[in-house]
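Only heavy atoms go into these numbers, but all of them, side chains included; no hydrogens, no water, no symmetry mates. A, B, ... follow the sequence lines: proteins, then strands. Residue 1 opens every chain.
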Number of protein chains: 2
Amino acid sequence: MRPIKVVVPFKLDCAKSRLSSVLSSEERVKLALAMLEDVIDAVSGLGEVAILMKDPIPEGDSFDRLRSRQSFDILECPRELDPALNAMIAAEEEKGWPSDLLIAMADLPLMRPSDIHDLVGTPGDVVIAPGRGGGTNLILIRNPEFRVSYYGLSFLKHLKKAEDLGISAGIFESFRCSTDIDEPSDLVEVLIHGQGRTPELLKDFGFELSGRREKARAGCLR
Amino acid sequence: MRPIKVVVPFKLDCAKSRLSSVLSSEERVKLALAMLEDVIDAVSGLGEVAILMKDPIPEGDSFDRLRSRQSFDILECPRELDPALNAMIAAEEEKGWPSDLLIAMADLPLMRPSDIHDLVGTPGDVVIAPGRGGGTNLILIRNPEFRVSYYGLSFLKHLKKAEDLGISAGIFESFRCSTDIDEPSDLVEVLIHGQGRTPELLKDFGFELSGRREKARAGCLR
């Protein structure tokens, strides 16, 4: 199998703002870091992992866990998501495409190494794992001509991009890869199906399952 | 492989009430029927299919499509969901368990025959396909002692029930099987990933993708 380089875009500025009704700003940063850690654990069996950040890691205890891990590189790039990623793809293309690229979002704490194994086993010049609501939660790029476009309904945009280039697109549909954590109603998924650092943190914050099932509400109580 | 009987509980009374902000009562009935049709198409390769209804099918044009299909039986039972299903399980147990039972929810329009094939290939005395928010979207019962409990976080309740009985529980995690359509924000999944009668109906209603991705809002416009 060709080598794969994993890139996880991550930002701390306004991290997880749609959770502000249930979590303080400091808690949201901790949650974002816990999810990042779980994502790194899921992907790190593939090989080299790089965290793509717009800003440097700030000072502060919250970041000690992240800093203490030696299993990834940090790439700082002040550009927005699409230009930052596309510049990286272009740079790999210039180098002769030494490895395929897997771009994984940082808010997928349910993902396990077995999900990544199945994704990587899916054929296609690009392989896309859709997120809920039309997003792209992971994309494996095997063709250096591909470029990403994350805003809006990126799942359909990425399919269209592959079609325009005349390259094949595989779709990897997965419960765990589709579950990105953005909103209060998503937290219940972590408490029910999560296994890593993120459910542990939510329990530390005082969240517990409420017995009621309502997607519109939290499904869990604090 | 042992024969499998499929049961799809279905109700028209207050059907899909959480969609009332975007669909009229008549439209919600049509949507519920379209989703039921897509579910029947996904499961009917397995064998006998029964629709479990609390009330008889009313008169009216909307039901002609359903009535005209000959591929399933209708079972009327005035009891609530859990007692109705558990009475059915007990009756099959009395008969010596002639076939395993697959209970499929009626609001899973993304499901395809291949998903059902994979579910049925999963080992376990029961096999549970979780829904979003802690629900049970499908459950395959291979042990006649099992009983269902659908209200609340039924995924966890069903796991517990299997544990209490000392029988094995398989978990079938699937993007398509986990996507139940309850709320306005779910409709975008149908428009993006659906292939049967349901996306066709939503387009007839005037829904289209909006290009914005926001799980809290509809993600689609009318």
Side-chain angles (χ1 to χ4, degrees), chain A residues 17-19 21 107 110-112 114-115 118-119 128-137 149-159 171-193 208-221, chain B residues 17-19 21 107 110-112 114-115 118-119 128-137 149-159 171-193 208-221:
Chain A
S17 55
R18 281 190 276 159
L19 288 167
S21 62
D107 60 353
L110 302 193
M111 259 185 347
R112 297 183 294 205
S114 60
D115 303 302
D118 293 346
L119 182 151
I128 309 170
R132 280 155 45 177
T136 300
N137 282 357
S149 180
Y150 270 95
Y151 294 101
L153 298 170
S154 64
F155 174 67
L156 296 176
K157 285 192 192 174
H158 288 144
L159 288 179
I171 299 175
F172 178 67
E173 293 173 348
S174 150
F175 173 70
R176 289 182 178 270
C177 295
S178 69
T179 306
D180 42 330
I181 307 302
D182 285 323
E183 297 177 3
S185 62
D186 299 330
L187 298 180
V188 69
E189 308 296 351
V190 178
L191 291 173
I192 293 177
H193 302 284
E208 58 182 42
L209 291 168
S210 80
R212 290 179 68 194
R213 181 186 173 232
E214 267 193 67
K215 284 193 289 184
R217 308 226 170 83
C220 49
L221 297 170
Chain B
S17 56
R18 281 189 277 160
L19 288 166
S21 64
D107 60 353
L110 301 193
M111 260 187 343
R112 297 183 295 205
S114 60
D115 303 302
D118 293 345
L119 182 151
I128 308 170
R132 280 156 44 177
T136 300
N137 282 357
S149 179
Y150 268 96
Y151 294 100
L153 298 169
S154 64
F155 174 67
L156 296 176
K157 285 192 193 174
H158 288 144
L159 289 180
I171 299 175
F172 178 67
E173 293 172 348
S174 151
F175 173 69
R176 290 183 177 270
C177 295
S178 70
T179 306
D180 43 329
I181 307 302
D182 285 322
E183 297 177 2
S185 62
D186 299 329
L187 298 180
V188 68
E189 308 296 351
V190 177
L191 291 172
I192 294 177
H193 302 284
E208 58 182 42
L209 291 168
S210 77
R212 289 178 71 194
R213 180 185 174 235
E214 268 193 67
K215 284 193 287 184
R217 308 225 170 82
C220 49
L221 295 171

I need the [X] [atom1] to [Y] [atom2] distance, nearest 0.5 Å.
| X | Y | atom1 | atom2 | result |
| --- | --- | --- | --- | --- |
| A:Ile192 | B:Leu153 | CD1 | CG | 5.0 Å |
| B:Arg132 | A:Ser178 | CZ | OG | 7.5 Å |
| A:Ser185 | B:Glu183 | OG | CD | 7.5 Å |

Notebook entry, point to check: How far apart are the closest heavy atoms of A:Pro130 and B:His193, and which atoms are they?
Noted result: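 A:Pro130 and B:His193 have their closest heavy atoms at CB-CE1, 3.7 Å.
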